[in-house]
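Right, one structure below, let's go through it.
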Amino acid sequence: MKIVRIIFALAAIWGFVAVVPGLFGEAGAQPEYYYGFLGLALVFQLIFIMIAMDPGRFRPLIPIAVLEKLAFFLPVSLLYAQGRVPMGPVFFGAMVDGLFMLLFALVWFLSRKAGQTA
C-alpha cells in the first residue's frame, strides 16, 4: 500500500522538522531528560523511514509506532485538559502526533484486513 509509505515518510519529515530545532534550545533544569527525549524522538524518525521504505517487512513495528505517538499525545492532552499546558506549540505538536497515531493505526488495521502490506 503506497499510502503507508507516504504516511510514514511524512511522519518522519514532520518529526525531524519538529525535533531538530530543539537541539539548539535551552535544556532547562534537567538537560539529561530534555536531550534524552529529543534523542529518542530522532531515533524513532529513523524507524518511520524504515517502515516507509518497506512497509511489508516492517509492519510489526507499526503498533510500536502507534505507541510512540500515544506517549506524547496522551500526556499533553491530559495536561491541557487540566489547564497545565497552554494552547501553543507543544499542544499543536501533540495534536499532530495524535493525527499520525490514528493514521498509523488505520493503515496497520487496513493492511492486515486487506492482506496487503506494501
- Do you reckon L38 sits in the same ILVMFWY cluster as I13, going by side-chain contacts under 4.5 Å, direct or chained? no

- Message: Side-chain heavy atoms nearer than 4.5 Å, only ILVMFWY residues, links allowed to pass through others: does that put M87 and L99 together?
- Response: yes

Indicate the atoms forming the closest heavy-atom contact of [X] with [Y], along with that distance.
X: I47; Y: L61; result: CG2-CD1, 4.1 Å
X: S111; Y: R59; result: OG-NE, 2.8 Å
X: A11; Y: Q45; result: O-OE1, 3.3 Å
X: R5; Y: M53; result: NH1-O, 2.8 Å
X: F73; Y: A94; result: CD1-O, 3.1 Å
X: G25; Y: Y35; result: O-OH, 3.4 Å

- Item | Atom OH of Y33: over 12 foreign heavy atoms under 6.0 Å | no

- Task: Output, in order, the C-alpha distance, side-chain angles, deciding distance and verdict of side-chain contact (heavy atoms from CB on, under 4.5 Å) for I62 and F8.
- Result: CA-CA 10 Å; I62 295 176; F8 276 91; 3.8 Å; yes

State, with a plain yes or no, whether a side-chain heavy atom of [X] is found less than 4.5 Å away from one of [Y].
X: L23; Y: L42; value: yes
X: V66; Y: W108; value: no
X: F16; Y: L46; value: yes
X: L10; Y: F100; value: yes
X: F44; Y: I64; value: yes
X: L67; Y: L70; value: yes

- Message: Checking F91 now: which residues fulfil ring-ring contact (aromatic ring centres under 6.0 Å, His included) with it, not counting sequence neighbours?
- Response: Y80

- Query: Taking atom CD1 of I3 and atom CG of L106, what is their separation to the nearest 0.5 Å?
  - Reply: 9.0 Å

- Query: Should the ring pair F72 and F37 be called parallel, tilted or perpendicular, given that the plane angle runs from 0 to 90° and is split at 30 and 60?
  - Reply: tilted

- Query: With distance as the sole test, does Y34 use its side chain to make a donor-acceptor pair with the main-chain N or O of G22 at under 3.5 Å?
  - Reply: yes

